[in-house]
Participant: 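Take a look at this one; I'll ask things after.
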There are 2 protein chains.
Amino acid sequence: MRIASWNVNSIKVRLPQLTEWLKRAEPDIVCLQETKVTTEDFPFDPLGELGYEAVAYGTGGYNGVAILSKFPINEPVEGFTGEEGHARLIEASIEGMQVFSVYVPNGASPEDEKFKYKLRFFKALRQHLASVAKPTSELVIAGDFNVAPEERDVWNPKIAAKYVGFHPLEHAALKELTSWGLKDSLRLHDQRAGQYSWWDYRTLGFQKDEGMRIDQIWLTEPLAKRCTAASIDLWPRRLEKPSDHTPVICEID
Amino acid sequence: MRIASWNVNSIKVRLPQLTEWLKRAEPDIVCLQETKVTTEDFPFDPLGELGYEAVAYGTGGYNGVAILSKFPINEPVEGFTGEEGHARLIEASIEGMQVFSVYVPNGASPEDEKFKYKLRFFKALRQHLASVAKPTSELVIAGDFNVAPEERDVWNPKIAAKYVGFHPLEHAALKELTSWGLKDSLRLHDQRAGQYSWWDYRTLGFQKDEGMRIDQIWLTEPLAKRCTAASIDLWPRRLEKPSDHTPVICEID
DNA sequence: GTAGAGCTGG
DNA sequence: CCAGCTCTAC
């Protein structure tokens with residue numbers, strides 16, 4: 001079972017790249033973020049033709065999340081109480097696993113009101129997880145967390161700590177969430193520094209290898225034990241008009 | 001010698017369609033309007049690879065005119081005193097002919113301030129023509145005149161007369177310009193009604209055959225005598241993302 | 001309907 | 001840099 005997560009930064013613009021990548025990487029489950037379409041406008045048909053069932057949650061031109069799956073998707077739930085209708089979480093049951101696709105708010109700077117919302121979001125998300133699942137259940141939470149878990153996940157930790165993506169407060173918020181009982185799937189198999197999933201368009205970060213690993217797939221212990229591989233797929237960056245994020249992948253069983 | 005005029009409605013967006021059409025129609029001279037690029041951003045290189053020299057005049061994201069030619073382009077002149085820096089006229093000498101590419105202002109309704117500007121523009125253009133050429137010289141003025149010359153050039157003359165494109169005032173303004181000594185090249189060879197060069201995107205005019213012939217190639221008498229054919233080329237309308245205008249063509253010699 | 005401007009957002 | 005949005009224009 002191959003599970004992936006990708007912040008596509010507009011599924012309308014990125015549909016050609018997404019379909020190319022799906023054909024090539026053949027993931028079984030894909031958590032998408034920043035689809036930037038309403039649920040109604042989500043491209044169910046072209047993805048269906050590729051063999052993917054989909055559930056999507058989008059309220060407008062910002063945010064928006066979805067889950068694609070080659071296996072049947074059961075009991076989808078859109079949103080949760082902590083996200084204030086921003087279309088930042090969708091969950092569903094697939095092959096007995098609870099699958100969450102999440103897009104954590106960012107905030108332009110630590111002084112920003114949005115940054116406080118980000119910290120509240122993490123707290124509410126932990127509450128939510130605890131209310132719908134147990135650390136001993138089979139659960140995957142994948143998405144754009146807008147925080148790098150460790151120093152080695154950031155091209156310049158000293159600079160990043162002052163801004164957003166590696167600030168101590170959000171770093172602590174992520175730790176508090178994952179301490180509920182979640183394992184960072186990439187780190188079960190790959191200890192290298194500099195494995196990034198996002199690069200700033202503005203600074204031409206990709207060309208300079210200046211990025212952060214802010215997209216992650218977190219697993220509860222039962223799934224972590226069955227996780228046989230994890231990686232970051234840079235292939236979509238070679239296509240025209242790449243997203244600023246690239247897919248992250250893990251294999252279960 | 002094949003001379004064409006086309007309002008491309010953004011040369012950035014329309015470059016693929018333009019190049020396809022150039023390869024197919026093989027015009028010698030093309031007057032372009034609504035390029036919507038600055039002179040600096042004009043795509044000289046890809047057009048040069050197709051064998052076209054080019055002169056362009058654009059000041060920003062609106063208007064903008066250009067001339068492409070397989071023959072050398074001499075003495076290009078950007079703008080004229082009546083156009084107030086709007087990048088609506090470019091002229092040049094090609095094979096001994098004076099060639100003008102013009103984009104006449106439109107105005108949303110006869111009450112509009114822009115509509116008055118349109119009438120002034122026509123007056124100023126006649127003044128300009130008279131100051132740089134004679135009716136006995138070899139002169140071509142091609143472009144989007146934003147007025148249909150005759151009733152048969154408009155899908156619904158009664159409606160059009162109330163709005164823009166066939167209002168008596170602008171109609172008279174075009175007549176006043178062309179009475180200087182210009183012949184409507186299409187009408188030297190084709191007397192059919194309903195030969196349109198533009199259709200409203202909003203009303204899906206093309207699909208309903210509701211359009212106007214507002215793009216024309218006007219010739220002085222010496223060239224009119226040598227004009228062997230004239231037509232409107234609907235071929236580019238079959239491509240993806242067509243302009244709301246289609247090219248008009250005439251043959252000299 | 002389609003395109004650009006000038007804005008917000010990351 | 002690359003998306004959205006709202007506005008204007010035709």
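Fair warning: this is a prediction, and the values are worked out from it, not measured in the lab. Numbered from 1 within each chain, the chains take letters A, B, ... in sequence-line order.
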Participant: Distance check: side-chain N/O of A:Lys241 vs OP1/OP2 of D:dA3, anything under 4.0 Å?
Facilitator: yes
Participant: In this structure, how many angstroms lie between the P atom of D:dG4 and the CG atom of A:Asn9, rounded?
Facilitator: 8 Å
Participant: Provide the closest heavy-atom pair for A:Arg152 versus A:Tyr196 in the form atom of the first, atom of the second, distance.
Facilitator: O-CE2, 4.5 Å
Participant: Indicate whether any N or O donor in one side chain lies under 3.5 Å from an N or O acceptor in the other, for A:His171 and A:Glu176.
Facilitator: no
Participant: To the nearest Å, give me how far apart CZ (B:Arg237) and P (C:dG1) are.
Facilitator: 13 Å
Participant: In whole Å, I'd like the distance from the CD atom of B:Glu170 to the P atom of D:dC10.
Facilitator: 13 Å
Participant: Nearest whole Å is fine: how far is D:dG4 P from A:Ile11 CD1?
Facilitator: 12 Å
Participant: Under 3.5 Å, is there a donor-acceptor pair between the A:Lys36 and A:Asn9 side chains?
Facilitator: yes
Participant: Ignoring hydrogens and angles, state whether a donor on the side chain of A:Gln33 or A:Ser5 is under 3.5 Å from an acceptor on the partner side chain.
Facilitator: yes
Participant: Without decimals, in angstroms, what is the distance between B:Glu113 CD and D:dA9 P?
Facilitator: 12 Å
Participant: Ignoring hydrogens and angles, state whether a donor on the side chain of A:Thr38 or A:Glu40 is under 3.5 Å from an acceptor on the partner side chain.
Facilitator: no
Participant: What is the distance, rounded to the nearest whole Å, between atom CG of B:Asn63 and atom P of C:dA5?
Facilitator: 11 Å
Participant: Which atom pairs link the protein and nucleotides 8-10 of chain C when you take only N or O atoms and keep those under 3.5 Å?
Facilitator:
unit_1	atom_1	unit_2	atom_2	d
C:dG10	O3'	A:Asn106	ND2	2.1
C:dG10	O6	A:Arg202	NH1	3.4

Participant: What integer distance in Å separates B:Phe115:CZ from D:dC10:C1'?
Facilitator: 15 Å
Participant: Give a yes/no answer on whether the side chain of B:Ser10 brings an N or O atom under 4.0 Å of OP1 or OP2 in C:dG4.
Facilitator: yes
Participant: Do the side-chain N and O atoms of A:Asp233 and A:Trp21 include a donor-acceptor pair separated by under 3.5 angstrom?
Facilitator: yes
Participant: Hey, what do you get for CG (B:Leu89) to OG (B:Ser101), rounding to the nearest 0.5 Å?
Facilitator: 7.5 Å
Participant: I need the NE2-C1' distance between B:His86 and D:dA9, as an integer number of Å.
Facilitator: 13 Å
Participant: Between C:dT2, D:dA3, C:dG4, which nucleotide has the shortest distance from any of its atoms to the side chain of B:Arg14?
Facilitator: C:dT2
